[in-house]
Amino acid sequence: MDKISIGSLQNISNPTSIAKVTPYEAQEDFKSYLKGALDTLGETQAQSNQATQGLMNGNMDNLHQVMITAEKASVTMQTTLEIRNKVVEAYQEIMRMQV
């Protein structure tokens with residue numbers, strides 16, 4: 001997932017820098033952030049599956065590590081679903097607005 005840098009936080013606090021971003025650039029930034037988040041979700045799920053498979057095959061003895069990996073994947077999935085729900089809710093609210 002993309003890390004938030006100090007420079008990006010400074011850009012948020014500076015209203016003039018936000019005005020310089022075109023709608024296309026904002027859309028591309030948002031798209032790349034979401035793609036990165038979904039890629040991270042896929043990697044986390046794959047790590048969890050690999051650890052579980054390793055435990056079942058007897059290649060891994062550390063049950064705690066397998067459970068931590070599985071819980072991390074679960075939390076990442078729940079967070080992703082909540083973000084999706086909020087985006088859908090915001091879209092529905094925008095569609096209900098009177099113009």
Side-chain angles (χ1 to χ4, degrees):
M1 188 179 336
D2 295 338
K3 302 284 186 210
I4 296 176
S5 67
I6 300 297
S8 65
L9 292 177
Q10 290 171 345
N11 287 340
I12 290 172
S13 64
N14 185 358
T16 58
S17 67
I18 293 175
K20 294 178 184 176
V21 175
T22 65
Y24 177 76
E25 291 171 338
Q27 178 183 353
E28 288 299 310
D29 287 346
F30 185 68
K31 182 178 84 171
S32 67
Y33 177 78
L34 285 180
K35 184 178 181 330
L38 291 176
D39 289 344
T40 302
L41 174 65
E43 291 170 10
T44 307
Q45 293 289 331
Q47 289 172 354
S48 175
N49 291 341
Q50 184 179 19
T52 303
Q53 191 70 28
L55 183 68
M56 290 187 329
N57 292 337
N59 299 336
M60 194 174 218
D61 294 333
N62 192 350
L63 177 62
H64 292 94
Q65 189 61 40
V66 173
M67 293 305 296
I68 289 169
T69 305
E71 191 61 30
K72 187 187 294 186
S74 175
V75 168
T76 304
M77 178 61 97
Q78 289 172 355
T79 303
T80 302
L81 289 175
E82 286 301 319
I83 290 170
R84 183 215 51 180
N85 291 343
K86 289 293 182 181
V87 168
V88 169
E89 185 179 312
Y91 174 77
Q92 289 172 343
E93 186 67 28
I94 289 170
M95 295 309 292
R96 280 186 284 226
M97 285 183 180
Q98 299 286 329
V99 180

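Each residue takes its place number in the sequence, starting with 1.
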Write down the atom of [X], the atom of [Y], and the distance for their closest heavy-atom approach.
X     : Y     : answer
Leu55 : Met60 : CD1-O, 3.4 Å
Lys72 : Thr76 : O-OG1, 2.7 Å
Ser48 : Ala70 : OG-CA, 3.4 Å
Val66 : Ala51 : CG2-O, 3.7 Å

What is the distance from atom [atom1] of [X] to atom [atom2] of [Y], rounded to the nearest 0.5 Å?
X     : Y     : atom1 : atom2 : answer
Ile83 : Leu38 : CD1   : CG    : 9.5 Å
Leu34 : Lys31 : CG    : NZ    : 10.5 Å
Thr69 : His64 : OG1   : NE2   : 12.5 Å
Gln50 : Asn59 : CD    : CG    : 10.0 Å
Thr80 : Arg84 : OG1   : CZ    : 10.0 Å
Glu43 : Thr40 : CD    : OG1   : 5.5 Å

inquiry  = Does Glu28, at its CD atom, have more than 12 non-hydrogen atoms belonging to other residues, nucleotides or ligands within less than 6.0 Å?
reply    = yes
### Asp61 CG: over 12 foreign heavy atoms closer than 6.0 Å
no
> Are Gln45 and Leu41 close enough that some pair of their side-chain heavy atoms sits under 4.5 Å apart?
Replying inline: yes
Paired with Arg96, the side chain to side chain donor-acceptor pair (under 3.5 Å) test is passed by just one of Gln98, Gln92, Glu93, namely Glu93
